Trainee: 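One structure follows; several queries about it will come next.
Predicted model only: the values in this text are computed from it and were never measured. Excluded from the calculations below are hydrogen atoms, water molecules and symmetry mates; all remaining heavy atoms, backbone and side chain alike, are included. Note on naming: letters A, B, ... go to the chains in the order of the sequence lines (proteins, then strands), and numbering restarts at 1 for each one.
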Amino acid sequence: MIQYTNFTLHNGLQCIVNTDLTTPFVAMNTLYKVGSKNENPDRTGFAHLFEHLMFGGSKHIPDYDAALQLVGGENNAFTNTDITNYYLTLPKENRETGFWLESDRMLELDFSQRSLDIQKNVVIEEFKQRYLNRPYGDAYLLLRPLAYKIHPYQWATIGKNIEHIEDATLTDVREFFYAHYAPNNAILTFSGNISAKEAECLAHKWYGDIPARTLYSRTIAQEPPQTEKRTLSVERDVPTNAIYKAFHMYNRLHPDYYACDMLSDVLSNGKSARLYVSLVQNQKLFSEINAYITGEDHAGLLIICGNVMPGVSMKTAETAIYAELHKLQREALREYELQKVKNKIESHIIFNETTILNKAMNMAKFAQLGDVNLINTEISKYQNVSVTDFQRIAGEIFRESNDSTLYYYAKNYKQ
Amino acid sequence: MIHRSQAPDFKVLETLAPIPYKVHTLSNAVPVYSIQAGELQVLKIDFIFNAGEYYQHKPLVSSATLNLLSEGSSSFTAEECAEQLDFLGSYVYYNTSKQSSVISLYCLEKHAEQSVKIVHEMLKNPLFLQEKLDTYIAKKQQQYMIEREKVEVAAQKLFARTLFGTQHPYGKSAEPEDFLNLTRNDIVKYHSKNLQPNYCNILISGAFQEKHGVMLETYFGEQSWKQTPIVREYTAFAMQQSAEQKHYVERDNAVQTALRIGKPIINVHHRDYAALQVLNTILGGYFGSRLMSNIREDKGYTYGIGSGIVPYKASGCFVIASQVKKEVRSQAAEEVYKELARLRTELVPTEELHSVRNYMLATMARNFDGCFALSDSCKFLMEFELTNDYYQNYWNTIRCITAQELQRIANEYFQEDSLFEVCVG
């Protein structure tokens, strides 16, 4: 159970504080409600590129990192399809520095051509390092557009291609900032050695005079239901064949989201999970196999991916996956197996609460979903899932017409 | 009106409380380190064996043994073991390094005893069935083939070989044919010689209470886990550095080159170690480091570059690592050498030293915050047979070190002609 206090400044900045006096540190998280799904389809990768620029100096502070490190702070950030998230931890004595730094870059960035040019290079190298220069690195760049035809989830956060990053201009940067970076589009959370009163006082002091801004929001078209199986085959210089399957699932606030998450756990969380036992251990068709959900705000994907053992045909591998999926539709889960997944989730949630940084991030994410109290009630939503929910949802999701499959062939292995 | 150009006042951390660990010994002489910390009802229990790759007679043996512990014992099958752990929501991780083999159990306090019972069983009575070994090898072999496609993996292997030679455990790594040579007998032998109470230290942290000490005695004391009479021989391997200082393996299809520059270096037991860590942090040990500022932030050659001092029991390793744009490989290396030269010839400016000092003190304090962080810091002491004094001295060095001293260290350890350079891609 996480105790918290929340308040909102008059400019719309939502703040949440969890006080934990057992630590000498404070974690501070700033979530902006903008991700790659809010991008212009001809300028993809921009939200992430922008995250890099947020470290290139703000209106009154030329070097964010230097100023933070000087007071013993540590920070990082990530961008995904839905949000851009900045986080830091500081010794409690120096927490005001966090307010100073984060508020200044919310107020205004120092838009510099030099910083843009450098960060474009850095991001292009990131693109190569993560997606091009490693085996199977481009799989998700290929799978997303196969699964989504309309919705902006069709491109990965890094962007559709390197050209989009190269083409970004300073005008784009400025427009993006004022369209999305604003107190009324952000959530500020704290966990650690800070009282709600102190946080409120400092938030007023540093954020109070930042004006609310008129936000620009692009209308996001929802993905129409998929009606037939989609496939794509590629051949690459990799050691072994691999298969990637994406099934459309429910949005983050849908009541069946939880059952779907657990469905992926039944399939692949832990060495007693079904896909592992059946396809890796017993049938020896895969060297590894995973199932997980993307967990995105809008309807996301349940993904199953695995590396196929040498000598096993893609067809055999795929048939074996489907056999396991059909079993979930045909036979109700035993209560025992359901309980096992619930226990794992309980344990996972408790371990996740052991650091202040996780608590600060989770509070922000749930607040962005609309209700910070989900942080305490989510566990019961998982506990309430029944075996009948499972079977129904397996039936809805694991249909061929809801399946987008990427066959990733190793050169010379194609069968 | 607030002055945004003016940074708020701040404080430099002054003291670091020692790790609050206690030590007691089980009846079979296994030391148990315990740390009571945190408010959540969770426990982490590490079984730390003074073993690892140093004691294996063939590549892969140490990691295979550890990973096969859960694949069946005299009282449960692999499936039952996995099933039980999953049902309890407990996690067991197996980690093998050059110098140790560690089994880490994470569990909710309420499931401690049931979880510990499973770990006991897998450590004491593993079957190491041939069939399980075969599956393991086939899987690992495939993962290995994928891993070695990565330029950074290939570079790291070549780098270790260059520094320590192919005969030394610090330099040697697995080759494809090693998978074919691995036998069940290797595993059984390794287990009986190494994963024994003689070489084990236990570390328990989190919601620790006295009853957990009793529990450990029940499952890991003399009654249930006796010391082995088998004598383990210690081999002092000779290090053999490569005659060539620079190595480049080109890969036509690569768009980036993995770069490694470094050398064998002193470890935790040397009096210059803490000072060297400060110097390394300035060079490449944090985001604002000179290498990051120059090669990523100024030149845009890479997504990231860093350096580290990695201590081994019998040596240490200094490494600068990055993946850079293929076409600027030489320029990137040039810039690295320039930064090293600057450390040797110029005093570190006061501002910068001040900043690194504060950063490092806070990092240490962070490594002491929370039960799992404390547990990791304690594990380090145990592995290197150190005490809390080590951290106190380290802390004091960070607080007091001068620019002159850092320059002396740079001249002693960072001479360009002592460094090896490896590039793949």
Trainee: Looking at B:Ile146, B:Leu13, B:Leu108, B:Leu40, which makes the most heavy-atom pairs under 4.5 Å with chain A?
Mentor: B:Ile146

Trainee: Go through B:Ala365, B:Ala37, B:Gly38, B:Ser90 and name the one with the most non-hydrogen pairs under 4.5 angstrom from chain A.
Mentor: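 Most heavy-atom pairs within the cutoff with chain A belong to B:Ala365.
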
Trainee: With a 4.5 angstrom heavy-atom cut-off, is it the side chain or the backbone of B:Gln256 that approaches chain A, or both, or neither?
Mentor: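 Contact with chain A: backbone and side chain both.
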
Trainee: Could you look at B:Ser293 and say if it's the side chain, the backbone, both or neither that has a heavy atom under 4.5 Å from chain A?
Mentor: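 For B:Ser293, there is no contact with chain A at all, as no heavy atom is under 4.5 Å.
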
Trainee: So for A:Lys128, is it side chain, backbone, both, or neither that comes closer than 4.5 Å to the heavy atoms of chain B?
Mentor: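 The answer is both parts of A:Lys128.
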
Trainee: Can you check whether B:Glu131's main-chain N or O pairs, donor with acceptor, with B:Thr135's side chain at less than 3.5 Å?
Mentor: yes

Trainee: Taking side chain as everything from C-beta outward and backbone as N, CA, C, O, which of these in A:Val280 sits under 4.5 Å from a heavy atom of chain B? Side chain, backbone, both or neither.
Mentor: both

Trainee: For A:Tyr336, is it the side chain, the backbone, both or neither that has a heavy atom under 4.5 Å from a heavy atom of chain B?
Mentor: both

Trainee: Name the region of A:Ser103, side chain, backbone, both or neither, that has any atom closer than 4.5 Å to a heavy atom of chain B.
Mentor: both

Trainee: Counting distance only, does the side-chain N/O of A:Lys271 pair as donor-acceptor with the main-chain N or O of B:Cys81 below 3.5 Å?
Mentor: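 Side chain of A:Lys271 to backbone of B:Cys81: no pair is present.
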
Trainee: For B:Phe287, which residues count as a ring-ring contact (aromatic ring centres under 6.0 Å, His included) partner, sequence neighbours excluded?
Mentor: none

Trainee: In terms of heavy-atom proximity below 4.5 Å to chain B, should A:Glu346 be classed as side chain, backbone, both, or neither?
Mentor: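 Contact with chain B involves the side chain of A:Glu346 alone.
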
Trainee: Side chain from CB out, backbone as N, CA, C, O: work out which of these in A:Phe127 comes under 4.5 Å of a heavy atom of chain B, or both, or neither.
Mentor: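 Neither part.
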
Trainee: With distance as the sole criterion, is a donor-acceptor pair present between the side chains of A:Trp206 and A:Glu96 under 3.5 Å?
Mentor: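 Checked: A:Trp206/A:Glu96 side chains pair up, N/O donor to acceptor below 3.5 Å.
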
Trainee: Please look at B:Lys110 and chain A and tell me whether the side chain, the backbone, both or neither of the residue comes under 4.5 angstrom of a heavy atom of that chain.
Mentor: side chain

Trainee: Need one label for A:Glu353: side chain, backbone, both or neither, based on atoms under 4.5 Å from any heavy atom in chain B.
Mentor: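 Contact with chain B is through both the backbone and side chain of A:Glu353.
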
Trainee: Measure distances from A:Leu107 to the heavy atoms of chain B and classify the residue's part below 4.5 Å as side chain, backbone, both or neither.
Mentor: side chain

Trainee: Counting heavy-atom pairs under 4.5 Å with chain B, which one of A:Val341, A:Asn94, A:Thr89 comes out on top?
Mentor: A:Asn94

Trainee: Can you sort out the partners of A:Arg236 under side-chain hydrogen bond (donor to acceptor under 3.5 Å, both in side chains), two or more places apart, ordered by chain and number?
Mentor: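 By the side-chain hydrogen bond (donor to acceptor under 3.5 Å, both in side chains) rule, A:Arg236 matches A:Asp138.
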
Trainee: So B:Phe208 and B:Cys371, do their side chains get closer than 4.5 Å, heavy atoms only?
Mentor: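 No, their side chains stay 4.5 Å or more apart.
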
Trainee: Tell me, side chain or backbone of A:Asp117 under 4.5 Å from chain B's heavy atoms, or both, or neither?
Mentor: neither

Trainee: Would a 4.5 Å heavy-atom cut-off, applied to side chains only, mark B:Glu79 and A:Gln281 as touching?
Mentor: yes

Trainee: Using non-hydrogen atoms and a 4.5 Å limit, figure out which bit of B:Asp86 sits close to chain A: side chain, backbone, both or neither.
Mentor: both

Trainee: Please verify the inter-ring angle class for A:Phe55 with A:Tyr86; under 30° counts as parallel, over 60° as perpendicular, anything in between as tilted.
Mentor: tilted

Trainee: Are B:Arg251 and A:Asp237 close enough for a salt bridge, meaning some N to O gap below 4.0 Å?
Mentor: no

